[in-house]
Structures are given as structure tokens and as C-alpha cells.
Amino acid sequence: MDRILIADDEKEIRSLLKLYLENEGYEVAEAGDGEEALKVMAEGNISLCLLDIMMPKLDGFHVLQKLREISNIPVIIISAKDADPEKILGLNLGADDYMVKPFNPLEAVARVRSNLRRYHSPSGDAQERAHLLKHKDLTLDLDACSLKKGEREIELTSVEYRIMTLFLEHPGKVFTRRQLYERGWGEEFFVADNNIMVCISKLRAKLDEDPNAYIKTIRGLGYRLEKN
């Protein structure tokens with residue numbers, strides 16, 4: 001059974017989310033501040049974290065940074081801040097999703113379910129594909145869900161993993177933002193969504209100092225993994 005951590009300093013929000021999540025069959029752990037959240041996650045057995053930004057002792061951004069050093073579980077930021085800089089920062093630090101308060105608890109449950117589904121089945125029909133995908137000096141292990149550049153392992157979020165899988169399956173093919181979004185996030189694409197731009201930027205930085213060494217922007221069309 002999946003165990004969800006709700007990290008928020010507002011007890012009313014924790015209680016509401018806990019009620020809805022437990023009604024869906026999830027186990028729930030709670031944390032009222034950033035330090036407590038890290039302590040709960042360090043104990044293990046957390047499948048997903050709903051993470052508030054403005055918390056005492058340690059804010060959500062710092063919690064997310066520390067969490068990404070040890071785990072790639074889905075993280076959904078829940079915040080009263082809906083400005084783009086906060087969203088971009090959260091996604092850059094490794095968040096998988098972002099919800100703005102106030103939100104419908106049914107939407108929160110749907111997002112939890114969607115992120116867990118992607119996390120548990122990150123490669124879709126991977127069992128029907130080759131065990132390894134190789135391109136240049138990149139090797140993607142579909143069983144271990146890991147990417148290596150030469151001998152160096154590259155840490156990926158679940159969204160980054162799914163997008164890299166798509167690129168490595170079809171090197172040289174141009175994918176639109178819609179295709180990348182729907183593969184990476186498993187949801188309908190929103191025209192104004194900047195998640196793809198942030199995700200591609202992060203992938204480029206992880207792959208090479210030269211941003212165009214692997215993933216090239218095709219103006220007006222989308223992105224492709226360089227074939228040569």
C-alpha cells in the first residue's frame with residue numbers, strides 16, 4: 001500500500017487531505033514543519049510527498065533539495081504562491097507537480113493517483129522493449145530505470161526518465177511540446193505550460209556542459225535527440 005506524506009504547517013489542510021487520501025485506501029503520514037518532514041522521509045516507506053513551501057524550521061524548497069539527494073519519489077508542491085518564478089524554482093529543484101492553494105481535495109487525490117501511477121510504471125510497456133537503450137555514450141537501463149553517460153550515472157526524476165526514454169527510442173525524431181508533455185506527465189498538454197522548457201533545460205545541464213550536445217531545439221516544432 002502506498003504511504004503518502006503530507007508536509008504542511010496548516011493542520012486543517014493536513015486533516016482534509018488525510019481524510020480524502022485514506023478514503024482512497026492510502027496510508028498517510030504527517031509533518032508540520034520541514035525538519036519533521038525530512039525525519040519522516042528518512043525513516044523510509046514514503047511513496048509520495050505533498051509538500052508545502054512556507055513551513056517553519058525548513059521551507060519546502062530546502063526540503064525538496066535534501067530529499068532529491070536520497071530519493072526520486074514523486075513530490076507535489078502545494079503552495080499559496082502561484083507566480084511563475086516559484087513554480088519554475090520548484091520544478092527546477094525536482095518537483096513533479098505543483099498545486100496552488102486553495103485547491104479541490106478531489107483534484108489533489110487525482111494528482112496523487114496520477115503521479116503514483118507514473119512512478120510505479122515509469123516506462124509504460126518497457127517489458128516489451130529491449131533491456132537497454134543506447135545512443136552515443138548514453139545507456140538507459142529500462143529495468144533499473146537508470147541513465148549513464150559513459151560510466152557516470154545521471155540522476156533523473158520520473159518525468160525526465162520518461163522523456164529520455166522517448167528520445168532514446170527515436171534518436172533524430174522531432175517531438176512536439178505536446179508529445180513530450182503527454183509522455184512525461186501523462187496528462188493533457190496546456191499551451192501556456194512551461195514545464196517542458198524547464199525539464200529540457202534541466203536535462204541538457206545534466207547531460208553536458210554544451211546545452212546543444214544532445215537535445216536540440218527545432219524552432220517552431222519541438223525538440224530532438226541529436227542522431228550523430
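Count residues from 1 along the sequence. The analysis underlying the following values was restricted to heavy atoms, covering all of them including side chains, and did not include hydrogens, waters or symmetry mates.
Nearest heavy atoms, Val100 versus Tyr98: CG2-CE2, 4.0 Å. Nearest heavy atom pair, residue Leu51 against residue Gly60, reads CD2-O, 3.4 Å. Here the closest heavy-atom approach between residue Leu203 and residue Met164 is recorded as CD2-CG, 3.7 Å. The minimum heavy-atom distance between Val159 and Gly184, with the atom names listed, is CG2-O, 3.6 Å. Contact between Glu36 and Glu30 at its shortest, heavy atoms only, is OE2-O, 3.7 Å. Scanning both residues, Arg3 and Asn45, for their nearest heavy atoms gives CB-O, 3.2 Å.
Applying the 6.0 Å contact sphere to CD of Glu107 captures more than 12 heavy atoms from other residues, nucleotides or ligands. Counting heavy-atom neighbours within 6.0 Å of Lys66 NZ, excluding the residue itself, gives a total of 12 or less. Annotation: Glu151, atom CD; neighbour count of heavy atoms from other residues, nucleotides and ligands within 6.0 Å does not exceed 12. Few gaps surround NE2 on His135; more than 12 heavy atoms of other groups in view lie less than 6.0 Å from it. Around atom NZ of Lys134, no more than 12 heavy atoms belonging to other residues, nucleotides or ligands sit under 6.0 Å away.
Between the CG atom of Leu67 and the SG atom of Cys49 there is a distance of 6.5 Å, given to the nearest 0.5 Å. Rounded to the nearest 0.5 Å, atoms CG (Leu132) and OG1 (Thr139) are 6.5 Å apart. Distance check, rounded to the nearest 0.5 Å: CE of Met55 to CD of Glu35 gives 10.5 Å. Taking NZ of Lys39 as the reference point, atom CG of Asp33 lies at 10.5 Å (rounded to 0.5 Å). Summarising the geometry, atom CD1 belonging to Ile163 is positioned 12.5 Å from atom CG belonging to Leu225; distances are rounded to the nearest 0.5 Å. A distance of 9.5 Å separates CD1 of Ile53 from NZ of Lys101, quoted to the nearest 0.5 Å.
Of the options Ile77, Val63, Leu64, a side chain to side chain contact (heavy atoms under 4.5 Å, CB included) to Leu93 is made by Leu64 and by none of the others. When each of Leu21, Leu5, Val75, Ile13 is tested with Leu50 by the rule side chain to side chain contact (heavy atoms under 4.5 Å, CB included), just one qualifies, namely Leu21.
Side-chain contact between Leu138 and Lys148 is absent, with no heavy-atom pair separated by less than 4.5 Å. Ser47 is not listed as a side-chain neighbour of Ile73, based on a closest heavy-atom distance of 4.5 Å or more. Side-chain contact between Glu160 and Lys206 is present, with heavy atoms from C-beta onward closer than 4.5 Å. Between Ile78 and Leu17, some side-chain heavy-atom pair lies under the 4.5 Å cut-off. Counting only heavy atoms from C-beta outward, the side chains of Ile218 and Tyr223 never approach each other to under 4.5 Å. Using a 4.5 Å heavy-atom cutoff, the side chains of Met99 and Ile76 are in contact.
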Q | Derivation of the side-chain contact (heavy atoms from CB on, under 4.5 Å) call for Gln179 and Arg183 | A | CA-CA 6 Å; Gln179 289 172 317; Arg183 176 64 176 265; over 6 Å; no
Q.
Applying side chain to side chain donor-acceptor pair (under 3.5 Å) to Thr217 and Arg204, what does each step give before you reach the verdict?
A. CA-CA 11 Å; Thr217 300; Arg204 284 171 165 163; 2.7 Å; yes
Q. Taking it one step at a time, do Leu140 and Tyr161 satisfy side-chain contact (heavy atoms from CB on, under 4.5 Å)?
A. CA-CA 9 Å; Leu140 187 69; Tyr161 170 81; 3.6 Å; yes
Q | Stepwise side-chain contact (heavy atoms from CB on, under 4.5 Å) check, Trp185 with Cys199 | A | CA-CA 11 Å; Trp185 280 265; Cys199 183; 3.9 Å; yes
Q | side-chain contact (heavy atoms from CB on, under 4.5 Å) between Leu147 and Glu153, worked out | A | CA-CA 6 Å; Leu147 177 68; Glu153 185 163 352; over 6 Å; no
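In the hydrophobic cluster analysis, where Ile, Leu, Val, Met, Phe, Trp and Tyr join through side-chain heavy atoms closer than 4.5 angstrom, Leu16 is grouped together with Val112. Residue Met54 is grouped with residue Phe61 when hydrophobic side chains (ILVMFWY) are merged at heavy-atom distances under 4.5 angstrom, including chains of intermediate members. Tyr26 and Phe103 end up in the same hydrophobic cluster when Ile, Leu, Val, Met, Phe, Trp and Tyr side chains are linked at under 4.5 Å.
A donor-acceptor contact under 3.5 angstrom links the side chains of Asp96 and Ser158, judged on distance only. Counting only N and O atoms by type, the side chains of Asp137 and Tyr214 include a donor and acceptor under 3.5 Å apart.
For His170, the ring pair (Phe, Tyr, Trp, His ring centres under 6.0 Å) partners at least two apart in sequence or on another chain are Phe175.
Using a 4.0 Å cut-off between a side-chain N of Lys or Arg and a carboxylate O of Asp or Glu, Lys136 and Glu226 do not qualify as a salt bridge. Remark: Asp97 engages Arg111 in a salt bridge, criterion side-chain N to carboxylate O under 4.0 Å. Remark: Arg14 does not engage Asp9 in a salt bridge, criterion side-chain N to carboxylate O under 4.0 Å.
Side-chain atoms of Ser114 do not come within 3.5 Å of backbone N or O of Ala110 as any donor-acceptor pair. Counting only distance, with no hydrogens or angles, the side chain of Lys173 and the backbone of Arg224 share no donor-acceptor pair below 3.5 Å.
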